[in-house]
Number of protein chains: 2
Amino acid sequence: MGKSQTGQALERLREMVFSGDLPPDSNHYEADLADQLGMSRTPVREAALTMQAQGLVEVQPRRGVRILPISSEDMADIYDVLCELESLAAQRAAEIGYAKEDLQVAQDCIDEMDAALSKQDRNLWAKADDRFHTELVRLGGNKRVVEVVARYSDQVRRARMMTLPLRPLPVKSNEDHRAVLCAIERGDAQQAKDVHRAHRVEARTLLTNLIREFGLRRL
Amino acid sequence: MGKSQTGQALERLREMVFSGDLPPDSNHYEADLADQLGMSRTPVREAALTMQAQGLVEVQPRRGVRILPISSEDMADIYDVLCELESLAAQRAAEIGYAKEDLQVAQDCIDEMDAALSKQDRNLWAKADDRFHTELVRLGGNKRVVEVVARYSDQVRRARMMTLPLRPLPVKSNEDHRAVLCAIERGDAQQAKDVHRAHRVEARTLLTNLIREFGLRRL
DNA sequence: CTTAACAATAACGTATACATTAACGTATGC
DNA sequence: GCATACGTTAATGTATACGTTATTGTTAAG
C-alpha cells in the first residue's frame, strides 16, 4: 500500500491530520488536496473514504473532506474503550507468561521514556509512550484489540499532541508502566490488569479535565 | 449514502457477504461485481475499500475482493472485545438510571425473543437478540462502544447465522437478558455488568466450541 | 522431465471526462 | 423591502479509457 498513489495519499493525509496541518473542523475539496499531493482526485478520494471508515474525517457532498474534531466527550468515550481493552491486554499478557526477553521491546520503551523525562522532552516521551502501549496490546495476543486500540489512538493522537505542553511531566506514568511490566513478568494477571486500568483511568481524567479547564475547542 | 451508487454498492455487497452469497474466502473481480450490481467499477471499488477498512474484505491486486473468513480464533478474539465493551455498556446504563419507559425497546426485544423461542424460530430469535444487544449498548451512552460493537457484530454475523441451526434453543440466554435489564432498571451497575459479562463469556465458549467441534472451515 | 525466460493476458491503479446536483447570487414580482 | 423562482456555478459522483504490472502459459534449453 505504501507505493501506490492511494497508499501515499492515505499516509500523507493521515500525517496532515495528525500534525494539525489540516486543522480539526476544517473542510477541504478533493481537487485542492489532489493538487497539494500532486496526483489526481481518484487516489485522494479513495484515501478519504478509507479515512472516513477509520473515523478520522467525514466526506460530504459539496463540503469536501471535513477533519473530525475531538470533544471532551469523545475523549472520555475513547479512553473508556482504551481502558477496558488495554487492561484486558495486560491481563492476557500476564496469563500467557512471557519470558523476560519477550518483554525487551516494552522494557526499551520504558527506558526511552525515562531518558526523555530526564531531558524534559515531552515529544520524545509521547512517542515512546505510544510505542509502549502498542507493544503492550500486541503482547495481549488479541488482534481485534490491537486494531481497536490503534484506531482510537489515531483519533486522539492530534489532541494528545496539542495538550502535551499543558501536562505536568508524566513521572507517575512511568512508575505505572514499570509496575505493569513487572506484573506481566511475574505472571500476576490480576495485578497487571488493575494497575493498567488505574493508569488509563488517570489518563482519561487528566485529558478530559485539561480540555475542559482550558476550554479547548477544535481539537 | 443510501441513494448514491457507492451507497447502494456498500449496502448490497454487505448483504451479499452476510448472507453467504459471496462465500467466505472467495475472490471476486471488481468488474464482475460491477456487472452483477449493474454499475461501473468506480462505486464498487469505493465500497470495497470501505468494507476493507471495516474488516469485512481484503482488496488485493489481481486477486480481486476477498471475503474474509472467520476462524475460531477470530471468534474468540471478537467475543473477548464484545464481552468487555458490552458489559461496560450494561454497567453504564445502570449507572445512568433509566426510567422504565426508556427501557421499553429492550423489553420489546426480549418479548420478541420469547415469542420466537416458543415458535422455535431461531432466525427470528437471532434478529431480536441482535437488536437487544445493539439497544443495550446504545443505552450505555458511549458512541465508540456502539461503533466497535456494531463493527464486530458485522464481522461475526455470517458465522452466527450459519451456526444457528447447530445450537441448542437459547432458553438460558433469555433469562440472562431479563436479568440484565432488571439490574439496569434497579440501577444495580455491578450486577448488570457481571451478569452480562457472564452471558457473553458463555456465548464465546459456545460459538468457539461449535466451530471447533464441527470442524467448520470457511465461516 | 524440469526449469527458466519470455510473451500474452487480464485485472488493477489512476487520470480524465462528463453528468449530476446542491448552493449561491440575481432578478423579478409583490 | 422581502421573498421566491430561476439560472449559474462549482464540486461531487460516476463512467470510461489507458498505462502498468502480476500472472499464466508456452517454449526452448539444459
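Just the heavy atoms: all of them, side chains too, but no hydrogens, waters or symmetry mates, feed the values below. In what follows, chains are A, B, ... by sequence order, proteins preceding strands, each numbered from 1.
B/E86 and B/Y79 share no side-chain donor-acceptor pair at under 3.5 Å. There is a side-chain donor-acceptor pair under 3.5 Å between B/D108 and B/Q104.
The nearest whole Å value for the distance from the CG atom in A/D32 to the P atom in D/dA10 is 13 Å. Atoms CD (A/E46) and P (D/dT12) sit 15 Å apart, rounded to a whole Å. Per the geometry, CG belonging to A/N27 stands 14 Å off C1' belonging to C/dA23, to the nearest Å. Counting to the nearest Å, the P atom of D/dG13 and the CD atom of B/Q8 are 14 Å from each other. Between the NZ atom of A/K3 and the P atom of C/dC12 there is a distance of 18 Å, rounded to whole Å. Here the C1' atom of nucleotide C/dA15 and the CZ atom of A/R45 are 15 Å apart, to the nearest Å. Atom C1' of nucleotide D/dT12 and atom CG of A/D35 are separated by 15 Å, given to the nearest angstrom.
Salt bridge annotation for A/D154-A/R14: present, with a cationic side-chain nitrogen under 4.0 angstrom from a carboxylate oxygen. Salt-bridge annotation for B/D25 and B/R66: present, with a side-chain N of the basic residue lying under 4.0 Å from a carboxylate O of the acidic one.
Summary of the strand contacts: B/H28 and B/T42 both lie near DNA chain C, and taking for each the nucleotide with the nearest heavy atom, the more 5' one is attributed to B/H28. A residue-by-residue look at A/R41 and B/A31 shows that B/A31 has its nearest nucleotide of DNA chain C further toward the 5' end.
Closest approach to the B/E30 side chain among D/dG13, C/dG13, D/dA15 is made by C/dG13 (side chain taken as heavy atoms from C-beta onward). When each of D/dT14, D/dA15, C/dA15 is scored by its nearest atom to the side-chain atoms of A/M39, the top-ranked nucleotide is C/dA15. Residue B/Y29 places its side chain closer to C/dC12 than to any other of C/dC12, C/dG13, D/dG13.
Of the residues in residues 55-67 of chain B, those with a non-hydrogen atom less than 4.0 angstrom from any atom of DNA chain C are B/P61, B/R62, B/G64.
Taking the ring-ring contact (aromatic ring centres under 6.0 Å, His included) definition, one finds that B/H199 meets it with B/H133, B/H177, B/H196, sequence neighbours left out.
Here B/L164 contributes atom CG and B/R122 contributes atom CZ; the two are 6.5 Å apart, rounded to the nearest 0.5 Å.
For the pair A/R157 and A/F18, the cation-pi criterion (under 6.0 Å, within 45° of the ring axis) is fulfilled.
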